[in-house]
Amino acid sequence: MKTNTKTAPADFGRAAYTSGYIKANADQAVLLGNPVIDNMMSAMIAMSAEMWAQTKRARIVEALLEEHGRVTEEMIESFVPSAAQEAKWTAERDRFIKRTFGAFAINGGPVTPFAQS
Amino acid sequence: MFDRRSLFGAAAAAASFIGTAVSGRKASAKIPGNKDVEPRGAIGRFERLPTQNLDGVQDFLTGFRGWVNADLRRAAMARAREVLKANGIDPNSEMPIKDVVALLENDPILATSTRTWLSTQQMMWSTLQDEFHANADKYLAEMEATDNAGPGSLELNPDMEIPDYTAHEIHIQPGGYVGDPFAGHIYLYGTANFFTGRNYQDEIQKEYAKVLPTPADGNVRRVLDQGCSCGQAAVAIKERFPDADVWGIDVGGPMVRFAHMRAVDLGIAVNFAQRLAEDSKFPDNHFDIVTNNIMFHEVTAEKAKEIIKESFRVLRPGGVFYPIDFYTGAPAPKDAYGLYRQWWDHRWNNEVWRLEYANLDFFGAMREAGFEVNEKGPAAGRARYNVVGTKPA
Ligand SMILES: C[S@@+](CC[C@H](N)C(=O)[O-])C[C@H]1O[C@@H](n2cnc3c(N)ncnc32)[C@H](O)[C@@H]1O
């Protein structure tokens, strides 16, 4: 249930024009019958996000090496992909998502385990 | 402000603006005193996220959200139909929302779709908030340097009483619109993700500024955008009506502060003020157009009526009221799955007032306030129509 108890805003020691806010409680949601399973799903998504960020970084390093023969952190951070690279990597990202999480899109349906059919 | 480029999705990359967007160039950079925080440059209207890693994480979450919204939602809808059918219910029939929820809430396939969506939303917000909090000093200094700069103006009202109903963490945004110093930053980059890559150049707000109806006499000297958030619409409205005085108001101090900084950076003169839509402090008969985009579903039904009355008061005779939200262009869904989705957004996305809004006779409230109502006015976005209210001349 919602209460109107206010939470104090983060204070960074300078004027920020904030005021107290009322916290949502969705972070306590147990949707998959067991909070540990809910947390595992969140952890899987978080790990996949990190993994994709690393994959993309590797693509950037490859592209820079191909073009300049060397690579620095600064070159990586300031890299801007071309439209073609962007489209290619986005397609790669979407395939990665389907490959890893695709099973969840299977409806379930009425098929019973082999031993019972 | 910072910027990002690599968040463009495939669809956006294929869109025509990409040809004119200059790779990695700085935005017009009008932020004074060398305080511009833009380590990775800007693409058109968007500053790239400050690190390649955060950019990559948000890129994943954008793609993942797209997949959840498409494939997982499709599976969830199919499952909902099966569950309803198994209980002898026609999915298109009307039924009380609590009965639909009781039937669907605990189904594992539907719950998986909710869980993945919710985790995505939570991660989208928390990774952004983390960046701004970890580098708070530099982002605050950037806003401080811009607060008194032009073009345009900024009015902050730290002593204003913030009504409780506006203080919720709507759409589970951490701190909501009023409680985080970087609410504007977080909202802008969060919604870029939320719109799955389709709004990196403010496309939605530009489209809406384009269709904004004008008074019959064609005079547009003053326009008000209520609940302006990051000022994306107000800026687009100013571009369409360069000679008009355009105001964006919002209850959130951090929202208008960010909106002002962004408008200054873009070199567009809009006036932003921390004010309430229901108590806007503008004189009677002042504006030619009053508009708002997706604000009404985030206020109580009682306040929605007050905001409609206030809009009538500040419009001049012949002035036009153009609110855009879920049901200003199409009736609220009454079918079982539509009702479930409404409840779901309310419950899990903390859209606290959304169900009140769905039950409000919005057009009736407009008539009651004195507007002449055209329910089939020009469409905004994907709807076929949108309501337009005119203050009788
Ligand atoms: C979903 S956002 C609007 C998005 C924005 N109009 C756009 O086009 O991008 C809703 C905004 O309304 C503001 N708001 C809510 N209630 C308000 C009120 N009573 N007066 C002024 N602003 C309000 C919130 O602070 C928030 O920034």
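Note that the structure is a prediction, hence the values are computed from the model and not measured. Values below: every heavy atom of this structure, side chains too, minus hydrogens, waters and symmetry copies. Below, chains carry the letters A, B, ... as their sequence lines are ordered, and counting in each starts from 1.
Note: Asp180(B) CG to Thr18(A) OG1 = 8.0 Å, rounded to the nearest 0.5 Å. A distance of 9.5 Å separates CG in Leu61(B) from OG in Ser48(A), rounded to the nearest 0.5 Å. Separating the OG1 atom in Thr116(B) from the CD1 atom in Ile45(A) is a distance of 6.0 Å, to the nearest 0.5 Å. Put simply, CD1 on Ile162(B) and OH on Tyr21(A) are 15.0 Å apart, with the number rounded to the nearest 0.5 Å.
Between the Arg93(A) side chain and the Asp59(B) main chain, a donor and an acceptor come within less than 3.5 Å of each other. Side chain of Glu169(B) to backbone of Ala24(A): a donor-acceptor contact under 3.5 angstrom is found. Between the Glu77(A) side chain and the Gln52(B) main chain, a donor and an acceptor come within less than 3.5 Å of each other.
Residue with the most contacts toward chain A among Gln274(B), Glu144(B), Gln122(B): Glu144(B) (heavy-atom pairs, distance under 4.5 Å). Top candidate by heavy-atom pairs under 4.5 Å with chain B, chosen from Ala8(A), Ala49(A), Gly20(A), Gly102(A), is Ala49(A). When each of Ala167(B), Gly176(B), Gly253(B) is checked for heavy-atom pairs under 4.5 Å with chain A, Ala167(B) comes out on top. Between chain B and the residues Thr7(A), Ile60(A), Asp38(A), the largest count of heavy-atom pairs under 4.5 Å involves Asp38(A). Of the listed residues (Ile172(B), Leu118(B), Asp137(B)), the one with the most heavy-atom contacts under 4.5 Å to chain A is Asp137(B).
Two residues are said to be in side-chain contact when any heavy atoms from C-beta on lie closer than 4.5 Å; Leu31(A) and Trp348(B) meet this criterion. Between Met41(A) and Thr112(B), some side-chain heavy-atom pair lies under the 4.5 Å cut-off. When side chains are defined from C-beta on, Phe60(B) counts as touching Ile97(A), because their heavy atoms get closer than 4.5 Å. For the pair Phe104(A) and Leu72(B), the minimum side-chain heavy-atom distance is below 4.5 Å. Using a 4.5 Å cut-off on side-chain heavy atoms (C-beta onward), Tyr139(B) and Phe12(A) make no contact. The shortest side-chain heavy-atom distance between Glu50(A) and Asn53(B) falls under the 4.5 Å cut-off. Counting only heavy atoms from C-beta outward, the side chains of Phe64(B) and Phe96(A) never approach each other to under 4.5 Å. Side-chain atoms of Lys23(A) and Asn350(B), non-hydrogen and from C-beta on, never get closer than 4.5 Å to each other.
The minimum heavy-atom distance between Ala75(B) and Ala105(A), with the atom names listed, is CB-O, 3.4 Å. Counting all heavy atoms, side chain and backbone alike, Ala10(A) lies closest to Pro181(B) at O-CG, 3.9 Å. The two residues Tyr17(A) and Pro254(B) come nearest to each other via the heavy atoms O-CD, 3.1 Å. Across Gly63(B) and Asp94(A), no two heavy atoms sit closer than the pair CA-OD1, 4.0 Å.
Proximity to chain A (any heavy atom under 4.5 Å) is shown, for Ala141(B), by both the backbone and the side chain. For a residue to count as touching a neighbouring chain, one of its non-hydrogen atoms must lie under 4.5 Å from one of that chain's; by this rule Asn349(B) does not touch chain A. Only the backbone of Ser78(A) comes within contact range of chain B, judged by heavy atoms closer than 4.5 Å. The part of Ala15(A) that comes within reach of chain B is its backbone (N, CA, C, O), which places non-hydrogen atoms under 4.5 angstrom from that chain. In this structure, chain A has heavy atoms under 4.5 Å from both the backbone and the side chain of Arg115(B). For Tyr177(B), no part sits under 4.5 Å from any heavy atom of chain A, backbone or side chain. For Asp27(A), the parts sitting under 4.5 Å from any heavy atom of chain B are the backbone and the side chain alike. In this structure, the portion of Gln54(A) lying under 4.5 Å from any heavy atom of chain B is its side chain and not its backbone. For a residue to count as touching a neighbouring chain, one of its non-hydrogen atoms must lie under 4.5 Å from one of that chain's; by this rule Thr55(A) does not touch chain B. There is no contact between Ile37(A) and chain B, counting heavy-atom distances below 4.5 Å.
Around NZ of Lys85(B), the count of heavy atoms belonging to other residues, nucleotides or ligands within 6.0 Å does not exceed 12. Around the CE atom of Met75(A), the shell of radius 6.0 Å holds more than 12 heavy atoms that belong to other residues, nucleotides or ligands. The environment of Met47(A) atom CE is sparse: at most 12 non-hydrogen atoms of other residues, nucleotides or ligands sit within 6.0 angstrom. For Glu67(A), the CD atom counts as loosely surrounded, since its 6.0 Å shell holds 12 or fewer non-hydrogen atoms of other residues, nucleotides or ligands.
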### Query
Can you check side chain to side chain contact (heavy atoms under 4.5 Å, CB included) on Val80(A) and Arg40(B), steps first, answer last?
CA-CA 9 Å; Val80(A) 178; Arg40(B) 297 180 60 239; over 6 Å; no

